[in-house]
Q: 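Have a look at this one before I ask anything.
Atom set for the values below is all heavy atoms of this structure, side chains included, hydrogens, waters and symmetry mates excluded.
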Amino acid sequence: MNLREKIINLFEDGRLAFKTENEISTMLNLRPADRKPAREILRRCEDEGIIVKDRRGCYSTPAQCGAVTGTVQANERGFAFLIPEDKQKGQGDYFIPRHSLNGALDGDRVIAVRVKGTQDEVRVIKILARGCKYITGVFEKTGGAYYVIPDRARFAQRVFIPPALTLNAKRGDKVVVQITSYPQGKAPGGKVTEILGEEGDFFTEELSIIRSYGLYKEFPKEAERQAALAAKEPVAIGDRKDLRGEFTITIDGDDTRDIDDAVSLKKQGKNYILGVHIADVSHYVKRGTKLDEEAYKRGTSVYFPDCVIPMLPRSLSNGACSLNPYEDRYALSCIITLDPSGRRKSAEICESVICSNYRMTYREVTAICEGDKSVIARYPDLFETVSLMKELCIKMKALRNESGNIDLSVKEAHIYIDERDEIVIPDVKRTISEEIIEQFMICANEAVAEKMQALKAPFMYRVHESPDPEKISNFSAFLQTFGVYSGLNPEDCKPKDLQRVLKSVEGNPCEVAVNKAMLRSMQKARYSDENFGHFGLASSCYCHFTSPIRRYPDLFIHRIIKGYLHGNDAEMKKIYSPVAKDEAAHCSLCERNADLAERDVDDLYKLVYMSDHVGETYPATISGVTAFGIFAELDNTVEGLIRLERLPDKSYEFIEERYTLKGAKHSFTLGDSIKIRVDGCDWGNMRTEFSLAE
């Protein structure tokens, strides 16, 4: 154990708590020559937030002195909240008044102390890391002063730009700004690094959103070079299993370009032999290369209606790694044997070479499943295999439902631009072909995760923990508004319990509301080096194995799997055990960042789409209830706000746990069916404005 580790351990067990630097040196019996290194260790630990120093010069951990470490979530009105790290059950966020921010801005990681005489107010005492290094906004000029008005109003009201660092931006340009200074009590300073275009232009606004999340299509030249070089390598069988003779197909959306997964299925006696073949991206992307560093930094591909920001350069994502038909491809295959009921009996993972026979779409496979004669005639050799896939899917789904799988009926938007360059937002429904792929991928993900757990290998699991008891209590109270008795035990809620609730409201008017409320009662799925199971899937052991072209966690575990296949167990543990926890946390953050970016761009497209429908009326469902109004969702997933002042009663009581606004004559509850009128578009808040049409 080195000196740093020793000091940290002694702080954590309390022996160095509230000691001065001299007292610490004495307790450690340090020689004069060791005192300077010890002083440096204390300074670094203080900078990292591991310890804090009070006004008397005494050191302690933040927890020992009642301080809180967390992330600032600012409000555009000047105050902020502190979101604590390692939030305990039942613990809320802390309030930070404007005068207590002490230079902290939105997204900063800070240490704060509680304000005496208050329950939940804190004061920032140290900024550990700046959360925002780049912002997007509108370039302005007043007199001889240049500044940018950030799109994120809660970050700052303005960022000042020195005249030499404007990049010749013009007034009204949307720009990207690098924050270069954080002066206490003043607006941040910065420099313009990119001019995106004119404010108000649709594609400029879209690009501005994308840049605000730190996303770029362009790859570093060295990463592109390494990808192009790797993509030129010819495919050779070598020691791999030759599966090119297996009848294999891919099933994806019409517009999918990066094809991660292929499937094969046949009968062996009464058993099913399912092959899930996943692109062997790890063969091309080696750990520690510039290509790998860039993939890790991105963490995931991000999908927008008109473009994709890929995790890997296109020479790999759309080329050598994509399982295109009639082309030999390296794969990592999971060959699964299932009994006649669809239950998994055994699974084998191997390095393989495959050659896909067909590139199919969900639409075409659904047509075959539904007996469309014209599509069947087009693919006569596919009918038997697709019919077998449908048969197995139905059995697998029945077994999963028996175990308690929670199948929420919550719509997702599928926005695209048609051949006339018009935005289309269709009402999309999940079909049998999506279910086939979903069931096959879940089966492979579980098989792989269980095998690696049994080997005690370092790993990255996909986990979804049990709901918070307080949220389940509130959900039960909400159900009572519809006369639904849940019988849920908040302290021991099982997937099957929630599945039972969903079945009890199936087909009822409250079904949509219950699905949405249940979703809000759930935890968010994340990546972890420990296995906590997947609550929503009622799975005891789960991972993401099936999309290494677009998700770094899949690539991470592919490397470990291959290491174990080659007998390099010790080496895998040495390399991956120390980093699995941090890399899982990083991948979870990247996923969250991508989700938010996709949501914000979708909102822009929805807003532009609805701007052509002002004055029209639609049936809608209340999708959110707040103290300032209600949100309503159309069948195509477009959501709009009906402000409180546009509701019929003069005043309302907001009953948060019941998702209800209660007035003297009218009440509005999550899931209620209403009729709305489109009143306009709030471009500042990026949302459509509705009013009641009846």
Q: Just jot down the side-chain hydrogen bond (donor to acceptor under 3.5 Å, both in side chains) partners of Glu194, sequence neighbours excluded, or say none.
A: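 For Glu194, the residues satisfying side-chain hydrogen bond (donor to acceptor under 3.5 Å, both in side chains) (neighbours in sequence not counted) are Arg211.
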Q: Would you please name every residue forming a side-chain hydrogen bond (donor to acceptor under 3.5 Å, both in side chains) with Asp201, sequence neighbours left out?
A: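 So Asp201 forms a side-chain hydrogen bond (donor to acceptor under 3.5 Å, both in side chains) with Thr204.
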Q: Any side chain to side chain donor-acceptor pair (under 3.5 Å) pairs touching residues 655-664, not counting sequence neighbours?
A: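 Applying side chain to side chain donor-acceptor pair (under 3.5 Å) to every pair that reaches into residues 655-664, excluding sequence neighbours, yields Thr660-Thr669.
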Q: Among pairs that include at least one residue of residues 639-649, which meet salt bridge (Lys or Arg N to Asp or Glu O under 4.0 Å), considering only residues two or more places apart or in two chains?
A: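 Every pair satisfying salt bridge (Lys or Arg N to Asp or Glu O under 4.0 Å) with a residue in residues 639-649: Arg643-Asp682, Arg643-Glu689, Arg646-Asp679.
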Q: Would you mind listing every side chain to side chain donor-acceptor pair (under 3.5 Å) that reaches into residues 610-620, with sequence neighbours excluded?
A: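 Those involving residues 610-620 are His613-Glu616, His613-Tyr618, Glu616-Tyr618.
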Q: Enumerate donor-acceptor pairs with a distance under 3.5 Å from any side-chain N or O in residues 511-519 to protein atoms, sequence neighbours excluded.
A:
from, atom 1, to, atom 2, distance (Å)
Glu511, OE1, Gly507, N, 2.9
Asn515, OD1, Ser409, N, 2.7
Asn515, ND2, Glu511, O, 2.8

Q: Under the ring pair (Phe, Tyr, Trp, His ring centres under 6.0 Å) rule, collect the residues that match up with Tyr147, sequence neighbours excluded.
A: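 Ring pair (Phe, Tyr, Trp, His ring centres under 6.0 Å) check on Tyr147 returns nothing, list empty.
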Q: Looking at Arg526 and Glu465, is there a salt bridge between them, counting it only when a charged N and a carboxylate O are closer than 4.0 Å?
A: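 Yes, Glu465 and Arg526 are salt-bridged.
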Q: Scan for ring pair (Phe, Tyr, Trp, His ring centres under 6.0 Å) pairs involving residues 663-694, sequence neighbours excluded, and state none if there are none.
A: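 Qualifying pairs, neighbours excluded: none.
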Q: Suppose we screen for side-chain hydrogen bond (donor to acceptor under 3.5 Å, both in side chains). Which residues come up paired with Lys494, at least two apart in sequence or across chains?
A: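 Counting only residues at least two positions away or on another chain, Lys494 forms a side-chain hydrogen bond (donor to acceptor under 3.5 Å, both in side chains) with Asp492.
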Q: Going by side-chain hydrogen bond (donor to acceptor under 3.5 Å, both in side chains), name the residues that satisfy it together with Thr366, two or more places apart in sequence or in a different chain.
A: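 Thr366: side-chain hydrogen bond (donor to acceptor under 3.5 Å, both in side chains) contacts with Thr431, Ser433.
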Q: Sequence neighbours excluded, which residues qualify as salt bridge (charged side-chain N to carboxylate O under 4.0 Å, His left out) partners of Arg400?
A: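 Result, salt bridge (charged side-chain N to carboxylate O under 4.0 Å, His left out) vs Arg400: Glu446.
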Q: Applying ring pair (Phe, Tyr, Trp, His ring centres under 6.0 Å), which residue pairs with at least one partner in residues 626-658 are found, sequence neighbours left out?
A: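 Qualifying pairs: none.
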